[in-house]
K.L.:
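Let me give you the structure first, and then I'll get to my questions.
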2 protein chains.
Amino acid sequence: MTQVPRRPLTLRDVSEASGVSEMTVSRVLRAHGDVSQMTREKVLLAAKELGYVPNKIAGALASQRVNLVAVIIPSMSNMVFPEVMMGINDILEETDLQPVVGITDYLPDKEEKVLFQMLSWRPSGVIIAGLEHSDASRKMLKASGIPVIEIMDIDGTPIDCAVGISHRRAGRKMGEAIIQSGYKKIGFMGTKMPLDHRARKRFEGFTESLAKAGIEITDHEFYSGGSALVKGRDMTRDMLERSPDLDFLYYSNDMISAGGLLYLLEQGIDIPNKIGLAGFNGVELLQGLPVELATMDACRKEIGQAAAKIICDKLEGTFVESDKILELTPTLSRGATLRKLN
Amino acid sequence: MTQVPRRPLTLRDVSEASGVSEMTVSRVLRAHGDVSQMTREKVLLAAKELGYVPNKIAGALASQRVNLVAVIIPSMSNMVFPEVMMGINDILEETDLQPVVGITDYLPDKEEKVLFQMLSWRPSGVIIAGLEHSDASRKMLKASGIPVIEIMDIDGTPIDCAVGISHRRAGRKMGEAIIQSGYKKIGFMGTKMPLDHRARKRFEGFTESLAKAGIEITDHEFYSGGSALVKGRDMTRDMLERSPDLDFLYYSNDMISAGGLLYLLEQGIDIPNKIGLAGFNGVELLQGLPVELATMDACRKEIGQAAAKIICDKLEGTFVESDKILELTPTLSRGATLRKLN
DNA sequence: ATGAAAGCGCTAACAC
DNA sequence: GTGTTAGCGCTTTCAT
């Protein structure tokens, strides 16, 4: 039976167990500097026997290097940020950098707190969602002296670098596609905007493009709370009761649009001829619905990958300063809920 | 324009700017020990002006306390672990502890690596999914000398504490409910088991209960990769082509069962009379399907909360040693896809 | 190829 | 209420 130690093991313990100086033990364990094969084996054996786990706190303090990348995102619950994380992971896995995630719940105050916490661990870089931050947050980020990549959005002024799509343009593009398809009475459902800047920008771009065609939104509804099927279902029912003449429904995310879709199908409504619909994000999870949804993918994984890559390049000094803003282009999937151009 | 500093600020900088000793500055910033109102204000002002962010690395090394809780889970992509995280957050938010997440992708090797990385930051506690770990992992956990809570599952021997449900019992319970409802030709669809011990245990419990009723599974299919609607749809179609006489389909998670449900509805099959179905997890996200799915909730949030609570209690020394294993009881929702008892 | 000394930025413990 | 001293466990640097 292994005894639970009263004190965690240190390099010194390994040093004594192997009869090699602490310094050499450190070199072996970090695979850094020349050590003879024999010494190396002795040390490795001793470390394994003891079950030694190096203390990164001490290591980081001494070396002034922390192989952590702070990733600050609003939420984990709607499937879009997990996909960004996967992109980040793809790249960081090849390096010795490790992502550490902080959640803001779309709250600037919480963002500030989380950021402060994160920065106090002196990470090697920060990836943070959005371009809108409190003054204090911007100040902290600037003062940190580490690479800062703002992701998801490029409609604004980045602190350092930005990788994302133009949500304004995305909204506009969807608006244009809808109008070209001949829809005229359009309803919108989405999250309450003040919190979610990207949803707001999409909405703005959307209404702009409608305005150009001389169309105004017929009805709209904003909700708060998680984006679930049932939310989309209920909002859609309510809206159609209120405004029975709608011929198109634009949703700020795929999950609620899927809820709406299921409701419309149940009602036996002809999609996309009587009513068309579209969502946003292009979440893979929802592939397999009875009717393929029109949506626009937000390049989530690519954004994560590109952001992580920039961090790596900056740390290696191979970053090209001209590439401070990377705009990706979302592709529109017409699915089967947006009728053919007429 | 703020100048990017060549070197991060230290306590000494705040000390000099405020004319107060480093020690007192430290006391103010940690709200620890008595400091006069005047000194406190001077220090706070100076710190804010400079934009000082404390160095937790140094603080942790000096105090030998790290307010981090390592949370090690298999995946973030199927909505069950994010909910566990929320439960953990609920509790930790009230304390000064911070969760740090590591992902294992259900791979023991990766779990070992992630665990090693995590432990090298000397966290105050570990919450880890499952009871099955490599020998090396178990050894590390035991040797760490910190609270270790294994979550999700209680069918096995915990290292220290365990919070979860009995998946074997859950599978058995669902099997019994299905049999009582009069179904006889039962198909099973789920993840490839060797990776996912909890799915395996549910499956074992399930087949056990069928066996007791003298029934054997008629057909089964195991898949790997993400659990998406389309997966459930395709597997269901294939299975029904292969075994058209099935009258019940049991899925190892809600997402694939939702895919199956949508497929069956499209085919105009009478649910739950011709064919019944059930999933597992009770994910909120899926509320709002055309027909409410039979499922069993896995107490995800409660598990997270309970695990975090135990960590807190252990750190405060208020943990009652008799409560090392906490078994929660999943509730069966019959939905509308499991016909009434006959 | 290996070791010795100094110190990373902070806090515990003890003075005053 | 405030200051001083001595480390925390490692890595850097320089010596051998």
K.L.:
For residues A:Val71 and A:Val84, determine if any side-chain heavy atom of one lies less than 4.5 Å from a side-chain heavy atom of the other.
P.N.:
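No, side chains not in contact.
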
K.L.:
Using only side-chain N and O atoms of A:Thr24, determine if any of them is under 4.0 Å from OP1 or OP2 of C:dT2.
P.N.:
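So the side chain of A:Thr24 is outside the cut-off, no N or O lying under 4.0 Å from OP1 or OP2 of C:dT2.
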
K.L.:
Nearest 0.5 Å, please: how far is CE in B:Met140 from OG in B:Ser134?
P.N.:
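Rounded to the nearest 0.5 Å, the OG-CE separation comes out at 6.0 Å.
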
K.L.:
Tell me the interatomic distance from B:Met38, atom CE, to D:dT2, atom C1', rounded to whole angstroms.
P.N.:
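Interatomic distance, CE of B:Met38 to C1' of D:dT2: 12 Å.
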
K.L.:
Which whole-number value in Å describes the distance from A:Asp34 CG to C:dT2 P?
P.N.:
9 Å

K.L.:
If I compare all heavy atoms of A:Leu68 with all of B:Trp121, which pair ends up nearest, and what's the gap?
P.N.:
CD2-CZ2, 3.7 Å

K.L.:
Enter the inter-axis angle for the ends of the helix from C:dA1-D:dT16 to C:dC16-D:dG1 (five pairs per end, rounded to 10°).
P.N.:
30°

K.L.:
Ignoring hydrogens and geometry beyond distance, is a side-chain donor-acceptor pair present between B:His133 and B:Glu112 at under 3.5 Å?
P.N.:
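No.
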
K.L.:
CD of A:Glu132 to CG of A:Asp196: how many Å apart, nearest 0.5 Å?
P.N.:
10.0 Å

K.L.:
Ignoring backbone atoms, test whether B:Ser21 places a side-chain nitrogen or oxygen under 4.0 Å from the OP1 or OP2 oxygen of D:dT4.
P.N.:
no

K.L.:
When every nucleotide of nucleotides 6-16 of chain D is labelled 5' to 3' by its protein contacts under 4.0 Å (heavy atoms), B for base, S for sugar-phosphate only, - for none, what sequence of letters results?
P.N.:
-BBBBBB----

K.L.:
Could you give the distance from CD1 (A:Ile128) to CG (A:Leu141), rounded to the nearest 0.5 Å?
P.N.:
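Separation between the atoms: 5.5 Å.
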
K.L.:
Would you kindly say whether B:Arg30 and B:Ser26 are connected by a side-chain donor-acceptor distance under 3.5 Å?
P.N.:
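Short answer, yes.
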
K.L.:
Do the side-chain N and O atoms of A:Gln305 and A:Asp90 include a donor-acceptor pair separated by under 3.5 angstrom?
P.N.:
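Yes - a donor-acceptor pair under 3.5 Å links their side chains.
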
